[in-house]
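Positions are given from 1, in the same order as the sequence printed here.
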Amino acid sequence: MAGKPKLHYFNARGRMESIRWLLAAAGVEFEEQFLKSPEDLEKLRNDGSLMFQQVPMVEIDGMKLSQTRAILNYIAAKHNLYGTDIKERALIDMYSEGIADLNEMTMRFPLYPPDQKDANMTKIRERTTNRYFPAFEKALKTRISNLPPVKKFLQPGSQRKPPADPKASKATRELFKI
């Protein structure tokens with residue numbers, strides 16, 4: 001039996017959080033190797049672990065996978081969570097792309113200059129409230145949080161990451177020059 005998947009990322013939610021959730025939904029335990037310094041990231045780059053020189057990266061089944069959606073698709077297919085036919089996979093892909101769009105908006109927010117934050121927050125709230133959440137709520141109908149492995153992942157003490165601390169996010173961006 002292969003070992004636990006090993007997740008390489010910053011000690012934050014970011015692009016790795018959906019991967020953590022999917023592993024939790026599949027009931028798969030995982031290890032995390034947090035990048036604590038620019039040297040940690042550089043080491044992964046120099047040893048050839050990062051195809052596109054960026055994280056997240058997951059070591060799984062003898063592979064070093066990068067690119068969030070590729071990682072998600074692999075895990076979902078491996079654990080029979082990627083639909084039973086091409087139509088279900090298309091629906092899953094649509095929701096995945098919607099989540100990716102939403103994540104892009106929210107992950108860019110801290111990078112906006114102070115004079116653009118209010119306008120961008122208004123845009124994010126409007127799109128989240130009127131576009132994304134209604135679509136997700138219609139599809140999920142709260143079923144996901146009742147799955148036993150997800151319920152366990154949501155409990156205190158799990159590997160779920162807390163919301164980002166803006167001061168820590170700024171420090172991480174400065175440290176890694178991102």
Query raised in the report: Can you find a pair of side-chain heavy atoms, one from Leu50 and one from Leu41, that are under 4.5 Å apart?
Result: yes
Query - CZ-NZ distance between Phe10 and Lys36, expressed to the nearest 0.5 angstrom - result: 14.0 Å
N/O donor to acceptor pairs below 3.5 angstrom from side-chain atoms of residues 68-75, sequence neighbours left out:
from	atom 1	to	atom 2	distance (Å)
Arg69	NH1	Glu97	OE1	3.3
Arg69	NH1	Glu97	OE2	3.2
Asn73	ND2	Arg69	O	3.4
Tyr74	OH	Asp61	OD2	2.5

Query raised in the report: Hey, quick one: are Met51 and Leu7 part of the same hydrophobic cluster, counting side-chain heavy atoms closer than 4.5 Å, chains of contacts allowed?
Result: no
Query raised in the report: OG1 of Thr106 to CZ of Arg13: how many Å apart, nearest 0.5 Å?
Result: 10.5 Å
Requested in this report: Would you indicate whether the side-chain heavy atoms of Arg15 and Met107 approach each other to under 4.5 Å?
Outcome: yes
**Report entry** Leu91 vs Lys87 side-chain heavy atoms within contact, under 4.5 Å
**Finding:** no
Requested in this report: Without swapping roles, check the side chain of Lys117 against the backbone of Phe109 for a donor-acceptor pair under 3.5 Å.
Outcome: yes
Query raised in the report: Is it the case that one hydrophobic cluster holds both Ile124 and Tyr132, taking links as side-chain heavy atoms less than 4.5 Å apart, direct or via other members?
Result: yes
Report summary line: All heavy atoms of Ala24 vs all of Pro149, minimum pair found to be O-CB, 2.7 Å
Requested in this report: Compare every heavy atom of Glu88 with every heavy atom of Gly83, then report the nearest pair and how far apart it is.
Outcome: CA-OE1, 3.2 Å
Query raised in the report: What is the distance from atom NZ of Lys43 to atom CG of Asp40, rounded to the nearest 0.5 Å?
Result: 9.0 Å
Query raised in the report: Would you call Arg45 and Glu42 a salt bridge, taking side-chain N to carboxylate O under 4.0 Å as the test?
Result: yes
**Report entry** From OG1 (Thr128) to CG (Asp101), nearest 0.5 Å
**Finding:** 11.0 Å
**Report entry** Close side-chain approach of Leu35 and Tyr9, heavy atoms under 4.5 Å
**Finding:** no
Query raised in the report: Should we say atom CG of Asp118 is surrounded by more than 12 heavy atoms from elsewhere, each under 6.0 Å from it?
Result: no
Requested in this report: Spell out, as yes or no, whether a donor-acceptor pair under 3.5 Å connects the side chain of Thr129 to the backbone of Glu126.
Outcome: no
Query - Sub-4.5 Å side-chain heavy-atom contact between Met105 and Leu102 - result: yes
Report task. Would you check if Lys6 and Glu32 make a side-chain contact, meaning some heavy-atom pair closer than 4.5 Å? Result -> no
Query - Note: Glu31-Lys4 ion pair, threshold 4.0 Å (strictly below) - result: no
Query raised in the report: Can Val28 and His79 be said to form a side-chain contact (heavy atoms from CB on, under 4.5 Å), step by step?
Result: CA-CA 9 Å; Val28 175; His79 296 284; 3.3 Å; yes
Requested in this report: Mind checking the NE2-CE spacing from His8 to Met16? Nearest 0.5 Å is all I need.
Outcome: 8.0 Å
Query raised in the report: For Arg89, what residues pass the side-chain contact (heavy atoms from CB on, under 4.5 Å) criterion, not counting sequence neighbours?
Result: Tyr82, Ile86
**Report entry** Polar side chain donor-acceptor pair, Gln54 to Gln67, under 3.5 angstrom
**Finding:** yes
**Report entry** Check: Arg20 and Glu17 side chains under 4.5 Å, non-hydrogen atoms
**Finding:** yes
Query raised in the report: Below 4.5 Å, heavy atoms only, C-beta onward: do Leu44 and Met57 meet side chain to side chain?
Result: yes
Report summary line: Rounded to the nearest 0.5 angstrom, the CD-OG distance for Gln53 and Ser66 is 9.5 Å
Report task. Please list all pairs passing the ring pair (Phe, Tyr, Trp, His ring centres under 6.0 Å) test where one or both residues lie in residues 11-62, with sequence neighbours left out. Result -> Trp21-Phe153
Query raised in the report: Would you call Glu104 and Arg108 a salt bridge, using N to O less than 4.0 angstrom?
Result: yes
Requested in this report: Search all heavy atoms of Pro5 against all heavy atoms of Ile60 and return the closest pair with its distance.
Outcome: CG-CD1, 4.0 Å
